[in-house]
**Q** 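Next up is a structure, given as structure tokens.
These numbers come from the heavy atoms of this one structure, side chains and all, not from hydrogens, waters or symmetry mates.
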Amino acid sequence: MINITINGKQVSVAEGSTILEAAKQNNIYIPNLCYLEGVHKFGSCRLCVVEVEGARNLQASCMVPVREGMVIKTNTEKVRKARKVLYELILSDHPKDCLSCERNQSCELQELGNRLGVTEARFEGEKSVGNEDFSPSITRDMSKCILCRRCITVCNEIQNVGILNAQNRGFKTVVGPAMDLPINTVNCAYCGQCTVVCPVGALKETDAIQDVWKAINDKKKRVVVQVAPAIRVAIGEEFGLEPGTIVTGKLATALREMGFDDVFDTNFTADLTIIEEGTEFLTRVKKALTGGEATLPMITSCSPGWIKYVEHAFPLELDHLSTCKSPHTMLGALAKSYYAEKINVDPKDMYVVSIMPCTAKKFEISRPEMQNNGVPNVDAVLTTRELAKMIKEAGIDFLNLEDGQYDNPLGLSSGAADIFGVTGGVMEAALRTVYELVTGRELPFDKLHVAPIVGLEQIKTADILIENPVEAYKFLDGFTVKVAVTSGLKGAKILLDQIAKGESPYHFIEVMGCPGGCISGGGQPRPTTPEIRQKRLDAIYREDEGKQLRKSHENEYVTKLYEEFLKTPNGHKSHELLHTHYTKRGKFNEYIGE
Amino acid sequence: MSCEEKKCQCCCGEENNQQKYDRIAEVIEKYKNREGSLIQVLHMAQSIFGYLPLELQKFIAEGMDKPLSEVSGVVTFYSFFSTEPRGEHTIRVCLGTACYVRGGKKLVDRLEEILEVKVGGTTKDQKFTFEVARCIGACGLAPAMMIDDVVYKQVNPDKLEAILAKY
Ligand code: SF4
Ligand code: SF4
Ligand code: SF4
Ligand code: FES
Ligand code: FES
């Protein structure tokens with residue numbers, strides 16, 4: 001421990017802490033802007049300056065570690081003046097059209113202004129020019145960028161994709177893709193992690209709110225909505241609830257009040273995915289073990305940021321991907337076939353909206369592969385943040401809503417579907433079903449949780465030994481299924497490098513594109529700190545354990561769907577509606593042919 | 001230009017693009033695992049290829065196993081890297097205060113006419129790259145300009161053609 005004095009108070013703090021951290025632990029707030037706890041320290045904004053006795057200049061508290069005997073003052077006239085000037089300098093190059101900015105009321109720059117008591121902008125400077133740069137998922141408005149470089153850290157160090165970096169120098173500096181290329185021409189995964197950390201309105205999801213209101217107001221459209229598992233444990237934060245508050249029921253009610261005709265649950269097709277993907281896995285393993293050709297390990301395919309990443313980075317390894325579409329596109333495909341037939345509506349008059357924790361899913365629905373008979377499976381994707389905005393716009397008092405239900409036949413789900421929202425969840429859900437199918441016994445883990453693959457570590461692995469299988473799976477007797485789970489694209493690269501070298505020891509791999517899985521997706525409420533991530537994770541497992549129904553194959557509406565419509569898993573209809581193929585893309589998004 | 005003439009260009013002793021890329025690949029191979037060697041590689045690549053177009057940056061990014069945005073970040077940060085082809089000679093007209101006041105701007109205007117390119121550009125025959133500079137230390141004899149390392153002082157716009165003819 002190290003002894004220091006902050007604002008006259010003697011305290012002792014852990015060695016290696018920065019002044020900013022030490023102050024925070026002792027309930028002293030030092031204004032800061034570019035710093036992001038646990039993620040990014042760069043020292044570019046200098047708003048966190050403090051006075052340190054003996055130092056000639058003010059010190060950036062987020063960068064300077066404490067030293068024994070340090071005497072720090074965070075609140076002197078000199079410090080306050082310096083902060084104000086620095087803040088006003090940032091504003092001098094800023095558009096300040098807060099009223100029409102998508103970050104109005106949730107902007108860190110705006111909030112800081114309030115804290116610092118800046119009421120007028122004294123300096124009007126030359127403004128750096130910004131043009132909005134659109135892609136299906138991400139919109140960039142560099143006129144609002146304050147050059148904090150958080151997005152660079154996330155895109156390079158955490159996701160390891162490296163789309164964003166500082167280009168040019170001095171006043172002309174912009175943060176963006178190489179040579180100022182538009183974001184939709186490069187190999188961006190559209191994971192949206194950069195939009196979560198951006199403190200201002202410079203990086204954001206591409207808006208779908210207007211389109212969705214238009215569809216809701218169109219009397220001729222049957223507007224169907226579905227909600228991903230990770231939304232119900234996160235959207236409460238947008239209304240001031242504790243992170244990890246489960247609002248499944250309120251969400252259903254809110255959607256109905258907004259005017260959606262059918263309120264479905266993506267969880268239903270998560271259960272369905274387990275049946276389809278589990279069957280696909282067993283088919284591949286059977287082939288491999290009985291002398292046939294099969295590509296293993298098989299890798300999950302429900303995270304479209306991960307899919308786009310692998311298409312660019314490892315175009316030769318795409319056969320490892322499960323051919324299953326992601327659960328929400330499956331639901332869209334079924335709504336516009338199975339359900340449309342039931343209620344006698346022309347699929348062309350149906351409009352499917354997916355509420356997702358994800359920005360990559362906005363791109364996914366625009367892929368030509370995600371259409372059937374020329375009709376897109378899903379028409380619009382809204383992020384958690386966008387939905388919260390719409391609920392507020394509609395004047396709905398979210399906190400006081402009654403709990404509602406999701407509609408059948410695409411609304412019932414097991415706990416196995418809930419855990420799709422968290423890293424390790426898809427694998428666990430698959431194992432619950434596959435193990436039982438193969439051995440006739442329940443998966444031998446406490447509360448059905450495969451402990452080694454639960455948690456936020458980058459790469460997790462487990463070995464599952466198959467003994468005494470049922471007659472049909474005798475070939476698996478004594479076989480150990482080796483599984484690996486990763487979340488975040490940095491971990492994905494490690495596992496894919498192994499595969500590319502032919503050294504992967506695994507049979508089945510789960511990859512989610514965002515660190516921690518969908519609970520910290522690119523469309524989730526800001527901020528996503530390590531504690532908030534953990535709370536959302538705990539909530540997902542609580543939701544799972546709170547259900548009677550814990551296994552996908554016990555979902556009676558899934559069984560009914562097969563009886564009435566799909567017939568058999570991986571059958572003809574499934575292939576047409578629920579499975580897909582992938583596109584080889586160049587490392588830098590150059591065309592590389594088939 | 002006929003095909004034959006085009007062909008001729010690459011066999012009169014000049015290295016063709018493929019050979020240049022091969023040499024750059026050797027450089028990458030040599031420096032690839034050395035920490036902080038990107039700038040050196042870019043330097044050598046520019047001296048081999050003449051400039052650093054996007055395609056070459058991609059080649060280097062892939063070879064060095066670095067994000068393209070990082071490579072281009074470095075290229076666009078330093079003014080000695082160029083992403084456009086450069087001429088054999090570089091003309092820099094001074095637009096520092098003294099030269100500006102004493103007719104530097106006229107030199108720029110006249111050169112734009114003679115060379116048929118704007119500031120920052122390179123002539124069609126790849127002979128000259130035309131840039132401006134801020135004070136090159138010859139203020140007493142303004143207006144001044146440089147061609148490569150040679151400083152020309154008190155330049156008269158009407159003499160420009162004669163000066164260029166020497167190159
Ligand atoms: S980024 Fe923040 S400060 Fe800038 S215009 Fe938007 S809300 Fe206002
Ligand atoms: S969306 Fe993901 S890959 Fe694309 S720039 Fe942002 S962080 Fe990087
Ligand atoms: S785009 Fe946003 S996160 Fe990135 S540097 Fe600019 S302000 Fe920071
Ligand atoms: S917060 Fe410390 S320099 Fe920006
Ligand atoms: S201003 Fe031109 S040489 Fe100094």
Side-chain angles (χ1 to χ4, degrees), chain A residues 42 133 138 140 142 147 149 151-189 191 194 203 309 312-316 489-490 493-494 496-497 500 585-592, chain B residues 17-18 21 24-25 28-29 32-33 35-43 45-46 49-86 95-96 118-122 131-135:
Chain A
F42 190 75
D133 172 17
I138 310 282
R140 301 168 58 236
M142 285 305 114
L147 300 175
R149 300 181 183 231
C151 58
I152 299 183
T153 301
V154 166
C155 186
N156 289 267
E157 322 271 308
I158 297 183
Q159 291 296 63
N160 202 11
V161 186
I163 298 304
L164 302 175
N165 262 302
Q167 312 293 320
N168 310 319
R169 72 185 298 170
F171 187 70
K172 289 203 183 123
T173 306
V174 269
V175 169
M179 304 290 290
D180 301 328
L181 291 168
I183 191 119
N184 64 359
T185 65
V186 296
N187 51 314
C188 172
C191 69
C194 53
L203 290 173
Y309 170 78
H312 286 294
F314 296 92
L316 301 180
L489 296 171
K490 195 174 192 174
K493 181 169 191 304
I494 298 172
L496 261 289
D497 276 333
R585 301 175 202 271
K587 193 157 189 178
F588 305 113
N589 203 25
E590 67 278 18
Y591 180 72
I592 55 169
Chain B
N17 277 357
Q18 186 54 49
Y21 267 78
I24 295 169
I28 293 173
E29 205 40 53
K32 171 174 193 164
N33 296 319
E35 195 61 36
S37 59
L38 179 60
I39 294 193
Q40 273 164 295
V41 171
L42 289 170
H43 248 304
Q46 176 158 298
F49 203 80
Y51 66 112
L52 298 166
L54 183 61
E55 285 314 310
L56 179 54
Q57 291 181 40
K58 285 182 184 170
F59 182 76
I60 294 170
E62 178 140 30
M64 301 285 290
D65 201 14
K66 293 224 182 285
L68 176 62
S69 63
E70 187 182 328
V71 171
S72 96
V74 173
V75 170
T76 54
F77 187 84
Y78 294 103
S79 54
F80 49 77
F81 290 130
S82 171
T83 58
E84 304 280 337
R86 293 196 68 91
L95 286 183
K118 294 269 173 227
V119 171
T122 296
E131 293 175 346
V132 293
R134 305 266 167 217
C135 191

**Q** Between these two chains, chain B and chain A, I want each donor-acceptor atom pair under 3.5 angstrom written on its own line with its distance.
**A**
| unit_1 | atom_1 | unit_2 | atom_2 | d |
| --- | --- | --- | --- | --- |
| Ser69(B) | O | Gln167(A) | NE2 | 2.9 |
| Ser69(B) | OG | Gly162(A) | O | 2.6 |
| Ser69(B) | OG | Ile163(A) | O | 3.3 |
| Ser69(B) | OG | Asn165(A) | ND2 | 2.9 |
| Ser72(B) | OG | Gln167(A) | OE1 | 2.3 |
| Ser72(B) | OG | Met179(A) | N | 3.1 |
| Gly73(B) | N | Gln167(A) | OE1 | 3.3 |
| Thr76(B) | OG1 | Asn168(A) | N | 2.8 |
| Phe77(B) | O | Arg169(A) | NH1 | 3.1 |

**Q** With a 4.5 angstrom heavy-atom cut-off, is it the side chain or the backbone of Leu164(A) that approaches chain B, or both, or neither?
**A**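 Contact with chain B: backbone only.
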
**Q** With sequence neighbours excluded, what pairs up with Phe588(A) under the ring pair (Phe, Tyr, Trp, His ring centres under 6.0 Å) test?
**A**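 Phe588(A) satisfies ring pair (Phe, Tyr, Trp, His ring centres under 6.0 Å) with no other residue.
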
**Q** Holding to side-chain contact (heavy atoms from CB on, under 4.5 Å), I want the full list of residues that pass it with Cys188(A), two or more places apart in sequence or in another chain.
**A**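 Per chain and number, Cys188(A) pairs via side-chain contact (heavy atoms from CB on, under 4.5 Å) with Ile163(A), Ile183(A), Val186(A), Tyr190(A).
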
**Q** Between Ala178(A) and Leu68(B), what is the shortest heavy-atom contact and its length?
**A**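 Looking at all heavy atoms of both residues, the shortest contact is CB-CG, 3.5 Å.
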
**Q** Of all residues at least two apart in sequence or in a different chain, which pass the side-chain contact (heavy atoms from CB on, under 4.5 Å) check with Ile24(B)?
**A**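 Partners of Ile24(B) by the side-chain contact (heavy atoms from CB on, under 4.5 Å) criterion, ordered by chain and then number, come out as Ile28(B), Ala45(B), Ile48(B), Phe49(B), Leu56(B), Phe59(B), Ile60(B).
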
**Q** If I measure from the heavy atoms of chain A, does Leu54(B) come under 4.5 Å with its side chain, its backbone, both, or neither?
**A**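 The answer is the side chain of Leu54(B).
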
